[in-house]
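Notes follow the structure.
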2 protein chains.
Amino acid sequence: MSITPAPRAYQVVLESIEADLRSGKLAIGDQLPGERALAEQHQISRASVRDAIRVLDVLGLVRTSTGSGPNSGAVIISNPSAGISHALRMHLAAKGINVREIVESRILMETWAAQMNPRNQAHAQQVIDRTAVLIMRMDDPQLSRDAFHRIDAEFHVLLASMAGNSVVETMMESLRNSISQYVSESIPDDESWQPIVRVLRRQHKAIHHAFATNQRERAAQLLEEHITWFYSQTR
Amino acid sequence: MSITPAPRAYQVVLESIEADLRSGKLAIGDQLPGERALAEQHQISRASVRDAIRVLDVLGLVRTSTGSGPNSGAVIISNPSAGISHALRMHLAAKGINVREIVESRILMETWAAQMNPRNQAHAQQVIDRTAVLIMRMDDPQLSRDAFHRIDAEFHVLLASMAGNSVVETMMESLRNSISQYVSESIPDDESWQPIVRVLRRQHKAIHHAFATNQRERAAQLLEEHITWFYSQTR
DNA sequence: TTTCAAAGTGTGGTCTGACCATACTATGTG
DNA sequence: CACATAGTATGGTCAGACCACACTTTGAAA
């Protein structure tokens, strides 16, 4: 009794690749064997191999391109936020997750990252410099709403990166990505947007100042207020 | 100039389904149209439709099964941790993420969840009761290592669920899943396992007691020590 | 009328084989 | 030596087929 429930063909390929990654036989930057070669290796059809590659693609583990040469085919990368953003976004659409939970999680991670002792001082200083540039760019009155949101996202992710934890950074980025459509939809008209953006600029500057003067707890507190306030403005 | 860079065929299907989810035209529990029907709707081949369904499957958004009837085909579910676990696990294998970062994130979320005021008192009480049962089951000396780890994972996820934030709960579950293979490999022999498991049992009981007596800060502190200690024993 | 085995139907899973656009590689020509 | 040209391997897409499976319908036996 209790036979193994017939693993999907593509899962075999996935497991094989995962094992090669763990053992170091495959590493970031390497090319995967061609789809036709993998099909023969595992004695399955190219269609099933393609399933596996497609999964890796969506998960942000490979980048595929046509043509030949060292840059073609499926190349291993590691872009964790791609896969996680996808997942969060879809589950948000399906109402398996709600906005409150995402905002709450953002606050959790951003305030944590703000209070962490940076693992890398040089990087922390670099973040402070780069966020200053972003703040200036967000001052441009010509900036479109979408462009503002993009820079704003970059601002927050950059700050979170100070903690030196790529899981947290990835989650931050994914949460921000997954919710961006919601944000755009919930503040439809420019009249209501103008006063909001003025407050956001002021808050960003205060946050940056707290970081630059090493007032980490204050930075965390300002971040929380900033995020909470902004989402109170949507709908 | 600057033509749209030819979206992949499967992405069209994905976007269409995402839009239907947002608009409520599709909801959890619904069946997706059949692959052949979707292919005709979008004027693409069934192979491309399958790509899209495969992605949704891996992301934990649909469950597929063969046969006919109301339970067959692709049915919309929402199991966010499936997709996120997949992603984290692969990126861990590819060394795009390291164990320290995962442990750090676990501590962040578990201690946060422990200190949160439960949104739902009844659920919190239920969690306390159910974790008590899990603790008893982990006392069984006959328990295999794998079984112990499974129950242990359930214990931690259950505690995290008290906060009533499915993103955090999902992340917890995913982090725990993604790292389980690492844990199993890093403590190979049973001789070194026996003393460890005794300490773990004691720690679990202390954590449970802190929750049961509503000492939330203490629970958080014990959790942090528990997790930190355990990972100091691996490798 | 009721029961229930058998045939029917629609589902995803897999395979084969083909063609395309692309991007690099090798070749041959001036 | 420079450079246009032909060659080759890649992933992307398609069409059409067959399978195992799970439910539905049918129809004959009780």
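Letters A, B, ... mirror the listed sequences (proteins, then strands); counts begin at 1.
Heavy-atom distances under 4.0 Å link DNA chain D to no residue of residues 53-60 of chain B.
OP1 or OP2 of dG10(C) has not a single side-chain nitrogen or oxygen of Ser72(B) nearer than 4.0 Å. Under 4.0 angstrom from either OP1 or OP2 of dG13(C) there lies at least one side-chain N or O belonging to Thr64(B).
The 5' end of DNA chain C is approached more closely, in terms of each residue's nearest nucleotide, by Ala9(A) than by the other of Ala9(A) and Thr66(A).
When each of dG13(C), dG10(C), dT16(C) is scored by its nearest atom to the side-chain atoms of Ser68(B), the top-ranked nucleotide is dG10(C). Nearest to the side chain of Arg36(A), among dT14(C), dG12(C), dC19(C), sits dC19(C).
A donor-acceptor pair under 3.5 Å is absent between the side-chain atoms of Lys25(B) and the main chain of Ala19(B), judged by distance alone. Although no hydrogens or angles enter the test, the distance criterion places a donor-acceptor pair under 3.5 Å between the side chain of Glu101(A) and the main chain of Ser166(B). Side-chain atoms of Ser65(A) come within 3.5 Å of backbone atoms of Asn71(A) as a donor-acceptor pair (strictly under, hydrogens ignored).
Chain A approaches DNA chain D over the interval dA9(D) to dT13(D), counting the first and last nucleotide 5' to 3' with an atom under 4.0 Å from its heavy atoms.
We find that Arg22(A) and Glu185(B) are not joined by a salt bridge, their nearest charged nitrogen and carboxylate oxygen being 4.0 Å or further apart. With respect to the salt-bridge test (charged N to carboxylate O, under 4.0 angstrom), the residues Asp51(A) and Arg54(A) do not qualify.
Gly67(B) comes within 4.0 angstrom of a base, heavy atoms only.
Atom pair Arg46(A):CZ and dG17(C):C1' shows a separation of 11 Å (rounding to whole Å applied). For the pair Arg50(B) CZ and dC15(C) P, the interatomic distance rounds to 11 Å; values are reported in whole Å. For the pair Leu38(B) CG and dT11(C) C1', the computed distance is 13 Å after rounding to whole Å. In this entry the distance linking OH of Tyr10(A) with C1' of dG12(C) reads 12 Å, nearest Å.
No hydrogens or angles considered: a donor-acceptor pair under 3.5 Å links the side chains of Asp129(B) and Gln125(B).
Relative ring orientation between His204(A) and His156(A) is described as perpendicular, the plane-to-plane angle rising above 60° on a 0-90° scale split at 30° and 60°.
Expressed to the nearest 0.5 Å, how far CD1 of Ile135(B) lies from CG of Asp152(B) amounts to 10.5 Å.
Heavy-atom minimum distance, Met90(B) versus Leu61(A): CB-CD1, 3.0 Å.
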